[in-house]
Participant: 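There's a structure below that I have some questions on.
Worth knowing before you read on, the calculation uses all heavy atoms, side chains too, and leaves out hydrogens, waters and symmetry mates. In this text, all values refer to a predicted model and were calculated from it rather than measured experimentally. Just follow the structure's listing: the first ligand is 1, and inside any ligand the first atom is 1.
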Amino acid sequence: MSDIRVLTGPQVAEHASRESCWIIVHGKVYDVTDFLDEHPGGSKIILKYAGKDATEAYEPIHPPDAITTNLPPQKHLGVIDASTVAKVVKEVTEEEKHRQALLDARPPLDNIINLHDFENVAKIVLPEKAWAYYSSASDDEITIRENRMAYQRVWWRPRILRDVSSVDWSTTILGQKSTLPVYISATALGKLGHPDGELCLTRAAANHGVIQMIATLASCSFDDIIDAAAPGQVFFLQLYVNRDREITRKYVQHAEKRGVKGLFITVDAPQLGRREKDMRMKHVDDDAGAEVQKGQDGVKKDQGVARAISSFIDPSLSWKDIPWFKSITKMPIILKGIGSAEDAVLAYEAGVQGIVLSNHGGRQLDTARSGIEVLVEVVTALRLRGYFPDPKFEIYVDGGVRRASDVLKAIALGAKAVGVGRPFLYAFCAYGQEGVEKAIQIFRDEFEMNMRLLGARTIDEVVPDMVDASSLKSHFVMTPQDNLFTNTYQPLALAQFRNA
Ligand code: PPY
């Protein structure tokens, strides 16, 4: 190992310009000069750290191995002699002090009794930019709100006198045991909201037999998450398909080798939706925030967001690629982001093992319908062709789920399980691992109550006759207002005048 070059702080500091730009990340020195214009977050943010240690800015936003996989080996210059780098005494900003005070004043976890409570605490304690990135949805945010409302257009037809002294809501998902008919869906950039990031999910899931879907764009590296797993803990992987299929092949095969039990390929994001809350944040402070969504220099910001994102996700992905995925992995393949019966039929005929009826938490195509509404037409179309029910093809739904009763409605209508993303994310942003455990406990309590009141002792007894979904397609029916949701929902803002 004697050929590892050791560099000093002053040596790195000499390369602090666009012409020659070195940065330090996790104790290693990289020459990123040629990468400046390729960086999905734009060159400006890298130049801010030119000649310096960028670890703190890098960490919440990138998986630890992002830099090593993106830069050719000759740009890995060596390690830094830590004694030669001046210790940066981090100034605690007023905003940070205020945030700390808010964190200290959080409601005790015992007072958290539903999933909306987590969202409300997260909204208050998260750094503004993290909240903007997590909570934002596309365009007018119609779909994110519809996701919630759609569940309220499905009404119960309960059964009585069925001896519900014992009820069991455990199930299997892709043949894997799960204590809940719910899996933790992928959300990105967990360290923006909590220093331990997605590991909070991993540890909580381990303690409660819940399956975690690991996001391609998690802040924690895939291996850090798997290394933290309990023996036998089950994971799925959410995949953004890279333009460079070799990178994708290696990533998928590595995941399979490490025991991942299902590959959820995201198919609804050939380009990232325009999320205005997140975009506005960049205009408030151009040098911070969810870097992944920033424009390249010289590119109009609203264009730049999408362009930057499209730079690593392959928009040419098509049905023709499915056989290739089947050839590189034996993991079950699930298409995540189906929004119509036509595509559900194509997915079945393509021989994948499942689909997620999802609109990406309202973050992609605005006014796309909710997963629960799409479920009804999908089941009808599949049944017509003799494709449903089929134990080898599972249907999942995600988006807007805040109650066990939402989950049970999806199951009654034909879903095998339901994905829950933001509520678990908000739970760990607000309370770390303990928050996630509490969220799981809340689900358990709600499942117990709802199944008893519904007259269903097992998940198999949650059947279509138990729901009246006749209003689901009527987007204008009146329902009582959902105050918890409405009170946590933050309306979109308009552009502000300077100095206003
Ligand atoms: C999302 O933000 O909706 C994602 O799916 C994650 C993401 C993050 C950054 C770039 C592309 C996708």
Participant: Does NZ or CZ of Arg363 lie under 6.0 Å from the centre of the six-membered ring of Tyr133, at an angle within 45° of the ring axis?
Facilitator: yes
Participant: Check for me whether the distance between the ring centres of Trp131 and Tyr426 falls short of 6.0 Å.
Facilitator: yes
Participant: May I ask you to identify, for Leu189, whether its side chain, its backbone, both or neither come under 4.0 Å of ligand 1 on a heavy-atom basis?
Facilitator: neither
Participant: Using 30° and 60° as the class limits, which term best fits the ring planes of Tyr183 and Phe264: parallel, tilted or perpendicular?
Facilitator: tilted
Participant: Any heavy atom of Gln364 sitting closer than 4.0 Å to ligand 1?
Facilitator: no
Participant: Checking Lys277 against Tyr489: charged group under 6.0 Å from the ring centre and within 45 degrees of the axis?
Facilitator: yes
Participant: Find all atoms of ligand 1 within a distance of less than 4.0 Å from any non-hydrogen atom belonging to Ala188, and give their numbers and elements.
Facilitator: 6 (C)
Participant: Within ligand 1, which atoms have a heavy atom of Phe312 less than 4.0 Å away?
Facilitator: 10 (C), 11 (C)
Participant: Of the backbone atoms (N, CA, C, O) and the side-chain heavy atoms from C-beta on, which set of Tyr134 has a member under 4.0 Å from an atom of ligand 1: side chain, backbone, both, or neither?
Facilitator: neither
Participant: Would you please say whether a donor-acceptor pair under 3.5 Å links the side chains of Gln441 and Glu437?
Facilitator: no
Participant: Evaluate Tyr30 against Phe35 for ring-ring contact (aromatic ring centres under 6.0 Å, His included), listing each step before the verdict.
Facilitator: CA-CA 10 Å; Tyr30 299 95; Phe35 179 68; over 10 Å; no
Participant: Below 4.0 Å, non-hydrogen atoms only: which portion of Arg275 touches ligand 1? Side chain, backbone, both or neither.
Facilitator: side chain
Participant: For atom 11 (C) of ligand 1, which candidate among Leu217, Thr266, Thr187 holds the nearest heavy atom?
Facilitator: Leu217
